[in-house]
Visitor: 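Here it is, the structure, as structure tokens.
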Amino acid sequence: MIKVLIADDQQLIRESLKIVLDSVEDIEVIATAGDGDDAIKAAKEKKPDVILMDVRMPKMDGVQCTKKIKEEFPEVKVIILTTFDDDEYVYDALKFGASGYLLKGISTDELANAIRTVYQGQAMLNPDVAAKVLKFFSMVTQEENNILSVNESFVKDLNENEWRIIEEVSKGRSNKEIAENLCLSGGTVRNYLSGILEKLELRDRTQLAIWALQRKNVH
């Protein structure tokens, strides 16, 4: 059973999402929160597997809440859920560790599948979002806090196969798609990804995708 926390400042949306998700066999909504502060408290008390996080909430927005939760509970997966198709929110939320970004109004099946995907350790970073991140990054000034920094000596240690994996991740491909495209087994892809993240000292595949997109834009 996947334990889900819903954080949204609109009661109607919280209750609607809870009703919808509670009808899904392998998902259980264990708590709801109306603002960022309550979301952090609920995360501490209830220990969810996945948090559906609204972007615009009082006291603390979803982006900052994501940052704090990922710092304190790195194992918790966060999906940013919003009605606002906003490039900056996409970039910052993913940079701080969100595993996915979905617009409200998607179907129950799509939402449930997104929750399962991030729960299994994959990212909901589809090509549209990957392109959006790159587009936004190209428009902002390259200040230190806008860049995921990686020690260049670590980068030099990457081999050709690892670069091929990184390229696939930057396009938003799943492990299964990467395995099919590169004629590798799923286990081999997972092992490569673990090794790459360890080498580059990045938190997860979402940060890896952002770093790869940044690198393309800079070089």
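Scope of the values below: all heavy atoms of this structure, side chains included, with no hydrogens, waters or symmetry mates.
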Visitor: Test of understanding: with salt bridge (Lys or Arg N to Asp or Glu O under 4.0 Å), list the residues that count as partners of Glu167, not counting sequence neighbours.
Guide: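 Glu167: salt bridge (Lys or Arg N to Asp or Glu O under 4.0 Å) contacts with Lys171, Lys216.
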Visitor: If a pair satisfies side chain to side chain donor-acceptor pair (under 3.5 Å) and one of its residues is in residues 15-25, list it, with sequence neighbours excluded.
Guide: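 Pairs touching residues 15-25 that pass the test: Gln11-Glu15, Lys18-Asp22.
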Visitor: Listed by chain and number, what are the side-chain hydrogen bond (donor to acceptor under 3.5 Å, both in side chains) partners of Glu28, not counting sequence neighbours?
Guide: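 Scan of Glu28 (side-chain hydrogen bond (donor to acceptor under 3.5 Å, both in side chains), adjacent residues dropped) gives none.
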Visitor: For Ala31, which residues count as a side-chain contact (heavy atoms from CB on, under 4.5 Å) partner, sequence neighbours excluded?
Guide: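 In terms of side-chain contact (heavy atoms from CB on, under 4.5 Å), with neighbours along the sequence ignored, Ala31 is linked to Leu5, Ala42, Lys46.
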Visitor: State which residues pass side-chain hydrogen bond (donor to acceptor under 3.5 Å, both in side chains) with Asn151; sequence neighbours excluded, sorted by chain then number.
Guide: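 Listed in chain order: Ser153.
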Visitor: For Lys41, give me all partners under side-chain hydrogen bond (donor to acceptor under 3.5 Å, both in side chains), at least two apart in sequence or on another chain.
Guide: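 Not a single residue meets the side-chain hydrogen bond (donor to acceptor under 3.5 Å, both in side chains) criterion with Lys41.
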Visitor: Under the side-chain contact (heavy atoms from CB on, under 4.5 Å) rule, collect the residues that match up with Ser107, sequence neighbours excluded.
Guide: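 Scan of Ser107 (side-chain contact (heavy atoms from CB on, under 4.5 Å), adjacent residues dropped) gives Asp109, Glu110.
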Visitor: Once side-chain contact (heavy atoms from CB on, under 4.5 Å) is applied, do any residues pair with Lys47, and if so which ones, sequence neighbours excluded?
Guide: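 In terms of side-chain contact (heavy atoms from CB on, under 4.5 Å), with neighbours along the sequence ignored, Lys47 is linked to no residue.
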Visitor: Who pairs with Arg116 by salt bridge (Lys or Arg N to Asp or Glu O under 4.0 Å), at least two apart in sequence or on another chain?
Guide: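 If we apply the salt bridge (Lys or Arg N to Asp or Glu O under 4.0 Å) test to Arg116, skipping adjacent residues, the hits are Asp26.
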Visitor: Sequence neighbours left out, what passes side-chain contact (heavy atoms from CB on, under 4.5 Å) with Pro58? Give chain and number order.
Guide: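 Pro58 satisfies side-chain contact (heavy atoms from CB on, under 4.5 Å) with Asp9, Asp35 once adjacent residues are dropped.
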Visitor: Does anything in residues 180-196 form a side chain to side chain donor-acceptor pair (under 3.5 Å)? List the pairs, not counting sequence neighbours.
Guide: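 Applying side chain to side chain donor-acceptor pair (under 3.5 Å) to every pair that reaches into residues 180-196, excluding sequence neighbours, yields Asn161-Tyr192, Glu168-Asn181, Ser185-Thr188.
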Visitor: Just jot down the salt bridge (Lys or Arg N to Asp or Glu O under 4.0 Å) partners of Glu71, sequence neighbours excluded, or say none.
Guide: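 If we apply the salt bridge (Lys or Arg N to Asp or Glu O under 4.0 Å) test to Glu71, skipping adjacent residues, the hits are Lys67.
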